[in-house]
There are 2 protein chains.
Amino acid sequence: VPVSSTAGLRDHAILVGYGRVGGAIGPVLLDQGLPFVVIERDHLMLASAQEAGVPTLVGDASLPELLTAAGIDRARLIAVATPDGFQARRIVEVARGLNPAIEIVVRTHRDAEIAALEALGVRRIVMGERELARAMTEHTLRGLGVPPERAHVAAGRDAPPAAEGR
Amino acid sequence: VPVSSTAGLRDHAILVGYGRVGGAIGPVLLDQGLPFVVIERDHLMLASAQEAGVPTLVGDASLPELLTAAGIDRARLIAVATPDGFQARRIVEVARGLNPAIEIVVRTHRDAEIAALEALGVRRIVMGERELARAMTEHTLRGLGVPPERAHVAAGRDAPPAAEGR
């Protein structure tokens with residue numbers, strides 16, 4: 001586990017998973033000049049992050065050692081982009097235990113999961129289906145001739161994503 | 001199949017699937033006063049649409065009879081919100097055959113599916129994972145202290161959803 005490159009980080013983000021979702025978040029953070037480290041189980045997914053000089057850790061992010069190596073005690077936020085909801089919740093629980101003040105972003109597919117995540121103090125829960133529905137709604141409105149700005153607002157895409165601050 | 005209530009429709013939308021995604025699109029169309037008809041295989045999913053007076057058809061939307069009963073020859077748009085990508089593509093093919101000019105909105109989970117859909121003249125393709133990634137990116141940026149408007153734009157959520165017009 002190469003910890004050296006995370007030693008200088010603080011107030012950083014920890015991005016768990018660097019597949020289709022996490023791998024789309026990373027480039028935006030880079031673009032915005034925001035420091036982050038990636039934890040991913042499959043080292044083959046990490047090539048683009050490593051080429052960009054992003055610190056990466058290979059392994060299971062529900063292990064306290066991994067999160068500690070990622071500097072979770074000094075991190076500002078953890079974004080859990082793994083598709084497996086059970087694994088995601090375990091990571092959230094462990095992360096919360098190691099840093100009670102950390103801001104947590106997590107994806108879920110199930111309404112039933114939201115209460116459990118909120119009980120863990122997660123304020124930023126993204127429902128995949130809700131975002132998909134909003135995007136399809138915007139397309140449908142535009143395809144029916146509704147002007148773009150009105151379609152964007154009516155589809156709820158102008159609002160904060162998902163369940164922030166509930 | 002109760003076709004009577006669709007007989008007066010024209011320039012309407014046909015919404016295929018009224019589950020978690022389709023069921024979120026319908027209320028916005030109602031709110032905007034845009035006429036539509038729903039095709040759904042499970043009649044139990046249709047209660048809310050029927051209570052709102054929306055014409056509904058129960059059955060498999062890849063059957064030409066169903067699409068014809070939904071007035072596809074006079075419709076402006078069809079939005080295919082079924083989660084099964086294979087079924088979605090079949091519906092698109094049949095719909096395109098029945099109305100070459102119809103505007104089509106479809107969801108997909110696979111990049112590989114996009115070219116096939118584009119070859120069918122679909123201009124409004126929504127990728128679930130892309131929308132999820134955008135929403136998680138916006139949350140991550142906001143959680144790191146980026147102002148809301150900048151976070152919204154940097155996350156790509158200000159842009160048209162997904163692959164419009166490519």
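Throughout, protein chains are lettered first and strands after them, A, B, ... in sequence-line order, and every chain is numbered starting at 1.
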Problem - Heavy-atom donor-acceptor pair, B/Arg124 side chain to A/Thr140 backbone, under 3.5 Å - result: no
Handout entry: Sorted by number, residues from residues 88-107 of chain B in contact with chain A (heavy atoms, under 4.5 Å)
Key = B/Glu103, B/Val105, B/Val106, B/Arg107
Practice task
Over all heavy atoms of both residues, which pair between A/Val126 and B/His139 is shortest? Give the atoms and the distance, please.
Solution key: CG2-CD2, 3.4 Å
Problem - Minimal non-hydrogen separation, A/Gly143 against B/Arg76, with atom names - result: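 Of all heavy-atom pairs spanning A/Gly143 and B/Arg76, the closest is O-NE, 3.3 Å.
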Handout entry: Single-linkage hydrophobic cluster, 4.5 Å side-chain cutoff, A/Ile78 and A/Leu120 together
Key =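 Yes; tracing contacts between hydrophobic side chains, which count when under 4.5 Å, links both residues.
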Exercise for the section: Name, in order of residue number, those residues of residues 35-50 of chain A that have a heavy atom at a distance of less than 4.5 Å from a heavy atom in chain B; otherwise write 'none'. Expected result: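 Counting heavy atoms that sit under 4.5 Å from chain B, no residue of residues 35-50 of chain A is involved.
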Practice task
Could you walk me through whether B/Glu131 and A/Glu138 pass the side-chain contact (heavy atoms from CB on, under 4.5 Å) test, one step at a time?
Solution key: CA-CA 12 Å; B/Glu131 301 305 329; A/Glu138 182 172 351; over 6 Å; no
Practice task
Report the residues that fulfil side chain to side chain contact (heavy atoms under 4.5 Å, CB included) with A/Ala119, sequence neighbours left out, ordered by chain and then residue number.
Solution key: none
Would you give me the side-chain donor-acceptor pairs under 3.5 Å for residues 8-34 of chain A, sequence neighbours excluded?
residue : atom : partner  : partner atom : Å
A/His12 : NE2  : A/Ala70  : O            : 2.8
A/Arg20 : NH1  : B/His109 : O            : 2.9
A/Arg20 : NH2  : B/His109 : O            : 3.0
A/Gln32 : OE1  : B/Arg150 : NE           : 3.0
A/Gln32 : OE1  : B/Arg150 : NH2          : 2.9

Completion exercise
Residue from B/Gly128, B/Ala155, B/Ala154 scoring the most non-hydrogen pairs under 4.5 Å with chain A is B/Ala154
Completion exercise
Heaviest contributor of heavy-atom pairs below 4.5 Å to chain B, chosen from A/Thr137, A/Val146, A/Leu144, is A/Leu144
